[in-house]
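Worksheet for the structure shown next.
If you read the sequence from its start, that first residue is 1, and numbering goes on from there. What you see is a predicted model, and the numbers here were worked out from it, not measured in a lab.
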Amino acid sequence: MIFTQFLYKNMQIFRDTTHFPVLPYVVLSSGSFDGIHLGHQQILKRLVQIAKENKGQSVIITFFPHPRLFFGQEVSLLNTLEEKIILLDKIGIDYLLILPFDKELANYTAEEFIQKIYIETTHTKKLVIGYDHHFGKGREGNFTFLAKNITQYPFQIEEIPAKDIDNIAISSTKIRKALLSGDTKTACLYLGRPYSLKGKVIQGDKLGRKLGFPTANLEIAEAYKLIPKEGVYAVEVFWKTNKYEGMLHIGRRPTLQKQNDLRIEVHLLNFEQEIYDEYLELHFIDFIRENIKFENLEQLTQQLAEDKIICIKQLETYKNSNKK
C-alpha cells in the first residue's frame, strides 16, 4: 500500500494500515457509509459522543472502491469519496482510514478482519456498528457474530438500531430508489439534507442561450456517482462561496432527435457570467416534470418559461420552510 496521510479540516485521513497511529482509546465503526444518511449519522454521532466521554478518538474505516463496484455489481453511489470525507469531517470524526478494497481484503474472513483491522491496526477499545452491518468474506460478520465471541476480543461492542421515519428504516438503497424515481423530497428527508451533484462546466452547443435560457453544462468526473431521474428540477447552485437558484435539466434532449447523449445542464437564475472550467455544486430541491418531446423549439421555449415560474415558486417554498 502507498502511504498517504494528510490533515483535512479536523480529521486525519490515512490510506495505509501500516502507518495508522497507536491511539490511547479508539472508538470505531466501519462500513461503506454511502450517503451518510440519518441512520449513519446516528451511529457517527454516538461514536463521537463515546470518544469524548472517554477522552478518546473516534475512528471510521471505509472502503474505496465500494465493495459492490469491486465485485462488478451495478450500483450508483450517493457520495463520491471526496463528499464522504467532507461529511465525516463535519460530523466531527477524528480519524478516517480508507482501505483499498482489493482481492486480499475481499478474502478476509470475519475473524481475520477483526484481528488484522480492529485489533492489530486500530487497537479498538469500543466498536459501534449499525443493526444491519456485515463484514468479512461472504458477509459472515455482524453484531451476532461479535456477541458470540466477545470474550475473545479486547474491545466492547454496541449496536445502533435502525433510524426510522414514518416506520420506514432508512437505507442507502431506499434513497437511491427515491432519486431514480425523481422523489427528491424523500431523499432529502432520509439524508437530512438535499442530494448534491458536483461537476465541471464544459462547452455546450449554446442552444439554451439562443432560446433565452443559457445553461452551464456539467461534466461529472466520477462515473459511479448517481445521477437522478431524467427530467427538470428546481436546484440550489453553489459556485465558490456564492449560492444561486437554478433550473436543472437532466436528459437526452428528445426534441432534438440527433442528440441522444445524456446532458446535465443548469440555467442559473439572474446570472450572466462565463464560468467555463469552474465547478458547480447542485442541491436537488424538487422535481418539476418529466422530459417531453416537443414539435418545435417554440413549444420548448414556452415550456421552459412555465418551468421557470414553477421552479421559482418551489425554491421560495423550500427557503421559507427552512426559516421555521
Side-chain angles (χ1 to χ4, degrees), residues 29-44 60 62-88 90-91 98 101 106 129-135 139 142 160-199 218-236 248-252 262-264 266 280-291 314 318:
S29 190
S30 66
S32 296
F33 295 102
D34 186 35
I36 314 290
H37 56 61
L38 290 179
H40 294 145
Q41 291 172 40
Q42 191 171 229
I43 298 168
L44 298 169
I60 288 293
T62 194
F63 314 99
F64 190 81
H66 190 286
R68 289 173 66 178
L69 291 175
F70 173 81
F71 287 115
Q73 300 175 17
E74 288 189 16
V75 61
S76 295
L77 302 182
L78 301 171
N79 289 143
T80 65
L81 183 58
E82 178 191 8
E83 290 168 345
K84 188 185 296 186
I85 289 171
I86 291 169
L87 290 166
L88 290 172
K90 284 181 178 178
I91 287 172
I98 304 168
F101 198 88
I129 60 174
Y131 74 101
D132 62 345
H133 178 61
H134 292 77
F135 59 92
R139 293 166 54 85
N142 55 22
I160 305 297
K163 174 70 175 178
D164 292 350
I165 290 182
D166 296 332
N167 296 317
I168 298 174
I170 297 172
S171 72
S172 301
T173 299
K174 289 171 185 172
I175 297 169
R176 293 186 197 110
K177 287 180 178 178
L179 290 167
L180 292 173
S181 67
D183 187 358
T184 56
K185 289 183 177 179
T186 294
C188 181
L189 182 65
Y190 289 177
L191 286 168
R193 64 185 184 279
Y195 182 67
S196 64
L197 196 62
K198 185 177 182 179
L218 297 189
E219 178 182 64
I220 310 301
E222 298 83 2
Y224 61 83
K225 174 71 174 180
L226 185 144
I227 307 299
K229 177 182 177 177
E230 294 184 25
V232 179
Y233 294 83
V235 294
E236 288 185 333
L248 172 71
H249 171 252
I250 300 175
R252 303 178 188 276
L262 184 69
R263 294 181 179 236
I264 301 169
V266 60
L280 300 181
E281 182 174 317
L282 311 178
H283 288 193
F284 287 72
I285 304 305
D286 211 344
F287 183 76
I288 295 178
R289 64 167 172 84
E290 308 266 352
N291 279 338
Q314 289 177 334
Y318 174 76

Please examine the side chains of [Y] and [X], heavy atoms only from C-beta on, and report whether any two atoms are closer than 4.5 Å.
X: Leu87; Y: Phe33; result: no
X: Tyr195; Y: Pro228; result: yes
X: Tyr318; Y: Glu236; result: yes
X: Tyr190; Y: Ser171; result: no
X: Arg252; Y: Glu230; result: yes
X: Leu197; Y: Ile264; result: yes

What's the spacing between [X] [atom1] and [Y] [atom2] if we round to 0.5 Å?
X: Tyr224; Y: Asn79; atom1: OH; atom2: CG; result: 8.5 Å
X: Asn142; Y: Tyr131; atom1: CG; atom2: OH; result: 13.0 Å
X: Gln41; Y: Ile160; atom1: CD; atom2: CD1; result: 13.5 Å
X: Leu78; Y: Leu191; atom1: CG; atom2: CG; result: 6.5 Å
X: Ile91; Y: Ile86; atom1: CD1; atom2: CD1; result: 12.5 Å
X: Glu83; Y: Lys225; atom1: CD; atom2: NZ; result: 3.5 Å

Next on the checklist: Apply side chain to side chain contact (heavy atoms under 4.5 Å, CB included) to residues Leu69 and Phe101 and explain how you reach the verdict.
Outcome noted: CA-CA 10 Å; Leu69 291 175; Phe101 198 88; over 6 Å; no
What are the two closest heavy atoms between [X] and [Y], and how far apart are they?
X: Ser32; Y: Pro67; answer: OG-CD, 3.7 Å
X: Phe287; Y: Gln314; answer: O-NE2, 3.7 Å
X: Asp286; Y: Thr184; answer: CA-OG1, 3.3 Å
X: Ile250; Y: Ile227; answer: CG2-CG2, 3.9 Å
X: Gly31; Y: Thr62; answer: O-OG1, 2.9 Å

Checklist entry - Ile288 and Tyr233: side chain to side chain contact (heavy atoms under 4.5 Å, CB included), yes or no, with the steps? => result CA-CA 5 Å; Ile288 295 178; Tyr233 294 83; 5.7 Å; no
Next on the checklist: For the backbone of His37 and the side chain of His40, can you confirm whether one donor and one acceptor N or O come within less than 3.5 Å of each other?
Outcome noted: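 At least one qualifying donor-acceptor pair exists.
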Item to check | Whether over 12 other heavy atoms sit under 6.0 Å from Lys185 NZ | outcome: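 Counting neighbours around NZ of Lys185, 12 or fewer heavy atoms of other residues, nucleotides or ligands fall under 6.0 Å, so no.
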Checklist entry - Any side-chain donor-acceptor pair under 3.5 Å between His283 and Glu281? => result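 Distance-only check passes for His283 and Glu281.
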Checklist entry - Where do Thr80 and Lys84 land on the side chain to side chain contact (heavy atoms under 4.5 Å, CB included) test, with the steps shown first? => result CA-CA 6 Å; Thr80 65; Lys84 188 185 296 186; over 6 Å; no
Item to check | Lys198/Glu222 salt bridge by N-O under 4.0 Å criterion | outcome: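 The answer is no: the pair does not qualify as a salt bridge.
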Could you tabulate the donor-acceptor pairs under 3.5 Å formed by side-chain atoms of residues 172-179, not counting sequence neighbours?
from: Ser172; atom 1: OG; to: Asp34; atom 2: O; distance (Å): 2.6
from: Lys174; atom 1: NZ; to: Ala169; atom 2: O; distance (Å): 2.7
from: Arg176; atom 1: NE; to: Asp34; atom 2: OD2; distance (Å): 3.4
from: Arg176; atom 1: NE; to: Ser76; atom 2: O; distance (Å): 3.0
from: Arg176; atom 1: NH2; to: Asp34; atom 2: OD2; distance (Å): 2.8

Checklist entry - Ile36 and Leu44: side chain to side chain contact (heavy atoms under 4.5 Å, CB included), yes or no, with the steps? => result CA-CA 9 Å; Ile36 314 290; Leu44 298 169; 3.8 Å; yes
Checklist entry - Under the salt bridge (Lys or Arg N to Asp or Glu O under 4.0 Å) criterion, do Glu74 and Arg68 qualify, and how do the steps go? => result CA-CA 7 Å; Glu74 288 189 16; Arg68 289 173 66 178; over 6 Å; no
